[in-house]
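We number each residue from 1, following the sequence as shown.
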Amino acid sequence: MESLENAIFNRAELLLGSDFMQAAAQKRVILFGVGGVGSWCAEGLIRSGIRNLTIVDSDRVCITNINRQMMANCRTIGQVKVEALKKRLLEVNPSAEITAVCSIYSDENAEAFHLESYDYIIDCIDSLKDKASLILRACATDATFFSSMGAALKLDPTKIRVDEFWKVQGCPLARAIRKRFKSRKTYPRHKFLCVYSDELLENLGEAHSCGTAQCICHNADSDSHNWNDYKAQINGSLAHITAIFGFHLSSLVLMDIRKKLLARR
């Protein structure tokens with residue numbers, strides 16, 4: 001398998017060097033939410049040399065996920081998302097260690113994820129309450145933490161950017177989370193980077209549910225929620241936006257690994 005991995009990551013090693021590839025292979029990453037954003041983030045990580053990845057999501061693949069989620073297609077409808085994604089990622093690198101956890105992260109079960117054991121924690125959760133909890137708990141560890149803000153109702157990829165959480169402007173989700181922190185007088189222990197866009201279009205069509213029991217989406221993506229009134233709402237979203245959000249997140253991990261390697265020289 002070692003020779004296979006060497007061939008798979010030859011172009012990555014040409015760009016980043018053998019020291020980087022060795023470091024990336026040793027990092028432990030946990031990713032919460034593998035929908036429109038998280039699934040592409042996982043793809044970017046595994047294709048770039050991350051070998052140890054834990055993916056967390058409680059949902060099943062729905063037919064309405066096909067337009068924007070990496071592992072969603074007509075063949076995977078009804079499958080557990082983390083299992084479908086794990087299968088896909090192992091097709092990319094059979095030597096990767098993918099842990100699929102079919103569960104919803106919440107403040108009540110947070111301890112079960114042992115966040116302190118990871119080098120990187122990535123947030124692609126949709127639920128405002130659970131997202132806020134993960135931010136607080138992740139920032140209390142020594143892990144490097146990155147978060148995705150809302151990716152729905154967007155069309156222009158040039159508006160997607162990365163900024164520190166408290167500097168994010170024009171994103172209703174970021175605004176709602178900050179409001180929650182301020183009202184409870186509880187704040188993250190350190191700063192962290194977010195991927196976001198200040199574009200906000202309107203829905204023009206009519207939303208439809210999956211219509212079958214095995215496709216019911218009881219935990220929608222970070223791109224399908226009304227952050228102003230906290231009620232579940234299906235919003236329009238597209239693959240090129242959610243994928244860029246996800247790839248941005250994976251790039252933040254890669255750049256951080258490289259930055260730390262260079263700092264040691």
Side-chain angles (χ1 to χ4, degrees), residues 12 16 20 23-24 27-57 68-72 81-82 85-86 88-89 92 96 98-99 101 105 113 115 118-127 130-132 134-135 137-139 141 143-152 154 157-165 167-168 171 173-174 177 188 190-199 221-225 237-260:
L16 299 168
F20 174 91
K27 300 302 181 184
R28 300 189 74 242
V29 182
I30 186 167
L31 168 62
F32 290 92
V34 296
V37 174
S39 60
W40 296 104
C41 176
E43 177 94 346
L45 291 171
I46 294 300
R47 286 188 182 272
S48 302
I50 295 296
R51 294 184 79 255
N52 193 317
L53 176 64
T54 297
I55 50 177
V56 183
D57 197 300
R68 70 198 182 283
Q69 295 184 12
M70 191 277 300
M71 68 291 183
K81 281 185 180 178
V82 290
L85 180 57
K86 177 179 179 178
R88 159 73 178 192
L89 297 176
V92 173
I98 312 295
T99 302
V101 181
Y105 169 90
F113 294 102
L115 297 180
Y118 292 91
D119 299 294
Y120 292 92
I121 301 170
I122 304 174
D123 159 44
C124 298
I125 292 176
D126 69 315
S127 162
D130 297 336
K131 194 177 195 75
L134 179 59
I135 289 172
R137 287 182 176 269
C139 289
T141 71
T144 302
F145 175 65
F146 300 117
S147 180
S148 171
M149 296 295 109
K154 304 179 194 310
T158 67
K159 292 183 180 295
I160 300 172
R161 62 197 69 178
V162 176
D163 232 327
E164 199 280 317
F165 172 68
K167 294 181 179 179
V168 172
C171 176
L173 173 53
I177 296 172
H190 60 72
K191 296 179 179 180
F192 60 95
L193 295 177
C194 297
V195 180
Y196 73 103
S197 167
D198 60 6
E199 183 180 26
D221 300 336
S222 58
D223 55 15
S224 52
H225 204 287
S237 51
L238 295 168
H240 73 281
I241 295 294
T242 63
I244 292 172
F245 266 66
F247 286 141
H248 259 313
L249 286 169
S250 63
S251 74
L252 289 175
V253 173
L254 305 180
M255 289 190 293
D256 190 72
I257 294 172
R258 184 172 184 269
K259 177 183 175 181
K260 290 172 179 174

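In plain terms, the two heavy atoms of Asp57 and Gly33 that are nearest each other are OD2-CA, 3.6 Å. The two residues Asp123 and Ile125 come nearest to each other via the heavy atoms OD1-N, 2.9 Å. The two residues Ala42 and Leu53 make their nearest non-hydrogen contact at CB-CD2, 3.9 Å. Nearest heavy atom pair, residue Val82 against residue Ile55, reads O-CD1, 3.4 Å. For Leu173 against Gly150, the heavy-atom pair with the smallest separation is CD2-N, 3.4 Å. Smallest separation of non-hydrogen atoms from Ala152 and Ser237: CA-CB, 4.2 Å.
You'll find the side chain of Tyr118 reaches within 4.5 Å of the side chain of Thr54, heavy atoms only. By the 4.5 Å heavy-atom criterion applied to side chains, Cys139 and Phe192 are counted as neighbours. Counting heavy atoms from C-beta on, the side chains of Ser147 and Lys131 come closer than 4.5 Å. At a threshold of 4.5 Å between non-hydrogen side-chain atoms, the residues Leu115 and Phe32 count as touching. With a 4.5 Å cut-off on side-chain heavy atoms, Ile98 and Ile46 count as touching.
Between the CZ atom in Phe145 and the CD1 atom in Ile135 there is a gap of 5.0 Å [rounded to 0.5 Å]. Note: Lys154 NZ to Leu238 CG = 12.0 Å, rounded to the nearest 0.5 Å. For the atom pair OH of Tyr196 and NZ of Lys167, the computed distance is 10.0 Å after rounding to the nearest 0.5 Å. Summarising the geometry, atom CG belonging to Leu252 is positioned 6.0 Å from atom CG belonging to Leu193; distances are rounded to the nearest 0.5 Å. To the nearest 0.5 angstrom, Arg258 atom CZ is 12.5 Å from Ser251 atom OG.
In terms of modelled atom types and a separation under 3.5 Å, the side chain of Trp40 and the main chain of Arg68 share a donor-acceptor contact. Judged by distance alone, the side chain of Lys159 and the main-chain N or O of Asp198 form no donor-acceptor pair under 3.5 Å. Remark: side-chain polar atoms of Lys27 are not paired, donor with acceptor, to backbone N or O of Asp119 under 3.5 angstrom. Thr242 places a side-chain N or O within 3.5 Å of a backbone atom of Gly36 that can act as its donor or acceptor partner.
Atom NZ of Lys260 has more than 12 neighbouring heavy atoms from other residues, nucleotides or ligands inside a 6.0 Å radius.
Residues satisfying the side-chain contact (heavy atoms from CB on, under 4.5 Å) test with Ser48, not counting sequence neighbours, are Leu254. Under the side-chain contact (heavy atoms from CB on, under 4.5 Å) criterion, Asn52 pairs with Arg28, Glu97, not counting sequence neighbours. For Arg88, the salt bridge (Lys or Arg N to Asp or Glu O under 4.0 Å) partners at least two apart in sequence or on another chain are Glu43.
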Carefully, step by step, assess Leu249 and Cys124 under the rule side chain to side chain contact (heavy atoms under 4.5 Å, CB included).
-> CA-CA 9 Å; Leu249 286 169; Cys124 298; 3.5 Å; yes
Criterion side chain to side chain contact (heavy atoms under 4.5 Å, CB included) on Ile122 and Leu45, from CA distance to verdict = CA-CA 11 Å; Ile122 304 174; Leu45 291 171; 3.9 Å; yes
Evaluate side chain to side chain contact (heavy atoms under 4.5 Å, CB included) for Met149 paired with Ile177, printing each intermediate quantity in order.
-> CA-CA 10 Å; Met149 296 295 109; Ile177 296 172; 4.3 Å; yes
Give the intermediate values and the outcome of side chain to side chain contact (heavy atoms under 4.5 Å, CB included) for residues Leu134 and Ile121.
-> CA-CA 9 Å; Leu134 179 59; Ile121 301 170; 4.3 Å; yes
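Note on ring orientation: taking the six-membered ring where Trp is involved, the planes of Phe146 and Tyr120 are parallel (angle under 30°, cut-offs 30° and 60°). Ring geometry for Phe113 against Tyr105 counts as tilted: the plane angle lies between 30° and 60°, on a 0 to 90° scale.
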